[in-house]
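First comes the structure, then the notes that go with it.
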Amino acid sequence: MRERAFEVFAETLFPTRCAICDAPGTPLCPECTRRLPYIDTLLACPRCGAPFGRIQCTECNSVLLAPFGYQEPPWDEAASAVILTDEARRVVTTYKDQGERALARPIAAIMTRLVPPSWLAARPAIAFVPATVAARRRRGFDHAELLARELSWALEADLAPLLSPPRRLDQRKLSRTARIQNMRESFSVLPGATAPRTVIVVDDVCTTGSTLFAATEALRKGGAETIYALTFARA
């Protein structure tokens, strides 16, 4: 009740505005939602989710994956909803760095429409890539956990908080090679937890893939057999 009262108070002082166009009344207005740079699933790579890799993917080949120590991505399939343009980046930044939690629902709704029926056939659980302890303390919430919660409701799937917070540096300031090294073995399954056979692991953005690679490896060690990776945006 106190949290709800605070939200009402904050809304009175600082009315909700669209993260992109600043129009009042909604965290992401219908017009800006429509204009987001959606990835065409008919053109995207079904394995890694790259926007233009349906026939021949330039993102998940063995040459680019060699620094990660892989011949192919460790997950079974991956998908992202939008390309990380300035507009999409503004949505992500407003959501997780400016504390606009109301964006979780429209972001999750966009991601929900992307989930293939084949992913849902085995009744997967929804896991998420947890934020570091420092990031959660700074923001006051875990952005990926909130997205996963919204997705679990929308997809009528179980929410599965399986991974412990990583111990690592902030990825956004690191080069591609540094990101890979920073993420290696940074995740582990929570003590006593056993991953379901099928899992959809959720994060907000896929940049190099290093974070999702590490999370996928940890989930496999924890017992998951089939893993799908789902993000809002892809760099």
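- Closest heavy-atom contact between Ala108 and Glu150: CB-CB, 3.5 Å.
- In this structure, Val129 and Ala144 approach most closely via the heavy-atom pair O-CB, 3.2 Å.
- Considering only heavy atoms from C-beta on, Val201 stays 4.5 Å or farther from Tyr228 through its side chain.
- No donor-acceptor distance shorter than 3.5 angstrom exists from the side chain of Arg17 to the backbone of Ala23, with no hydrogens or angles considered.
- With Asp142 contributing its side chain and Arg136 its backbone, the two residues share no donor-acceptor pair below 3.5 Å.
- One N or O on the side chain of Arg220 and one on the backbone of Pro74 form a donor-acceptor pair closer than 3.5 Å.
- Looking only at side-chain heavy atoms (C-beta outward), Arg149 and Arg105 stay at 4.5 Å or farther from each other.
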Practice prompt. Dump the intermediate steps for side chain to side chain contact (heavy atoms under 4.5 Å, CB included) on Leu162 and Leu190, then the final yes or no.
Written response: CA-CA 6 Å; Leu162 295 169; Leu190 290 166; 5.8 Å; no

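- Using a 4.5 Å heavy-atom threshold, the side chains of Leu219 and Val199 count as touching.
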Assess whether salt bridge (charged side-chain N to carboxylate O under 4.0 Å, His left out) is satisfied between Glu31 and Arg34, documenting all intermediate values.
CA-CA 5 Å; Glu31 185 64 19; Arg34 185 180 66 81; 2.6 Å; yes

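- Both Leu155 and Trp119 belong to a single network of hydrophobic side chains, linked directly or stepwise wherever heavy atoms of I, L, V, M, F, W or Y lie under 4.5 Å apart.
- Between Lys221 and Glu217 no salt bridge is recorded (no basic side-chain N to carboxylate O distance below 4.0 Å).
- Rounding to the nearest 0.5 angstrom, the gap separating the OG1 atom in Thr112 from the CD1 atom in Ile107 is 11.5 Å.
- When all heavy atoms of Leu103 and Pro27 are compared, the pair lying nearest together is CD2-O, 3.3 Å.
- The OG1 atom of Thr198 lies 8.5 Å from the CG atom of Asp76; values are rounded to the nearest 0.5 Å.
- A continuous path of Ile, Leu, Val, Met, Phe, Trp and Tyr side chains, each step under 4.5 Å between heavy atoms, connects Phe187 with Trp75, placing both in one hydrophobic cluster.
- Residues Val133 and Pro165 form a side-chain contact, since some pair of their non-hydrogen atoms from C-beta on lies under 4.5 Å apart.
- Both Leu151 and Val92 are members of a single hydrophobic cluster when ILVMFWY side chains are connected at heavy-atom separations under 4.5 Å.
- Ser80 contributes no side-chain N or O that, together with a main-chain N or O of Val82, makes up a donor-acceptor pair within less than 3.5 Å.
- When every heavy atom of Ala127 is checked against every heavy atom of Ala148, the shortest pair comes out as O-CB, 4.1 Å.
- Atom CD in Glu100 sits 10.0 Å away from atom SG in Cys18 (nearest 0.5 Å).
- Closest approach of Pro37 and Thr85 over heavy atoms only: CG-OG1, 3.3 Å.
- Note: Cys206 SG to Leu84 CG = 10.0 Å, rounded to the nearest 0.5 Å.
- No continuous path of ILVMFWY side-chain contacts below 4.5 Å connects Leu230 to Leu212, so the two sit in separate hydrophobic clusters.
- A 4.5 Å side-chain heavy-atom check between Phe213 and Tyr70 finds at least one atom pair inside the cut-off.
- The two residues Cys48 and Cys45 come nearest to each other via the heavy atoms N-SG, 3.4 Å.
- Here the OG1 atom belonging to Thr33 is positioned 3.5 Å from the CG atom belonging to Leu28, to the nearest 0.5 angstrom.
- Put simply, the side chain of Arg139 gets close to the backbone of Lys96: a donor and an acceptor are under 3.5 Å apart.
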N/O donor-acceptor pairs under 3.5 Å from side chains in residues 61-68, not counting sequence neighbours:
| from | atom 1 | to | atom 2 | distance (Å) |
| --- | --- | --- | --- | --- |
| Asn61 | OD1 | Val63 | N | 3.1 |
| Asn61 | OD1 | Leu64 | N | 3.0 |
| Asn61 | ND2 | Thr58 | O | 3.1 |

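- Between Phe141 and Tyr95, a ring centre-to-centre spacing shorter than 6.0 Å is recorded.
- Within the 4.5 Å cutoff, the side chain of Met111 has heavy atoms near those of the Val202 side chain.
- By the 4.5 Å heavy-atom criterion applied to side chains, Asp203 and His143 are counted as neighbours.
- At distances below 3.5 Å, at least one donor-acceptor pair connects side-chain atoms of Ser164 with backbone N or O atoms of Ser188.
- Counting heavy atoms from C-beta outward, Cys21 and Cys32 have side chains that approach closer than 4.5 Å.
- The same ILVMFWY cluster, assembled from side-chain heavy atoms under 4.5 Å apart, contains both Leu120 and Ile110.
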| request: For side chain to side chain contact (heavy atoms under 4.5 Å, CB included), just list the numbers for Val205 and Arg234, CA-CA rounded to whole Å, side-chain angles, deciding distance to a tenth of an Å, and then say yes or no. | output: CA-CA 6 Å; Val205 176; Arg234 176 157 183 133; over 6 Å; no

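- Each side-chain hydrogen bond (donor to acceptor under 3.5 Å, both in side chains) pair with one or both residues in residues 37-56, not counting sequence neighbours, appears once here: Arg47-Glu72.
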**Study point:** side chain to side chain contact (heavy atoms under 4.5 Å, CB included) evaluation trace for Leu36 with Ile83
**Key:** CA-CA 8 Å; Leu36 283 170; Ile83 298 172; over 6 Å; no

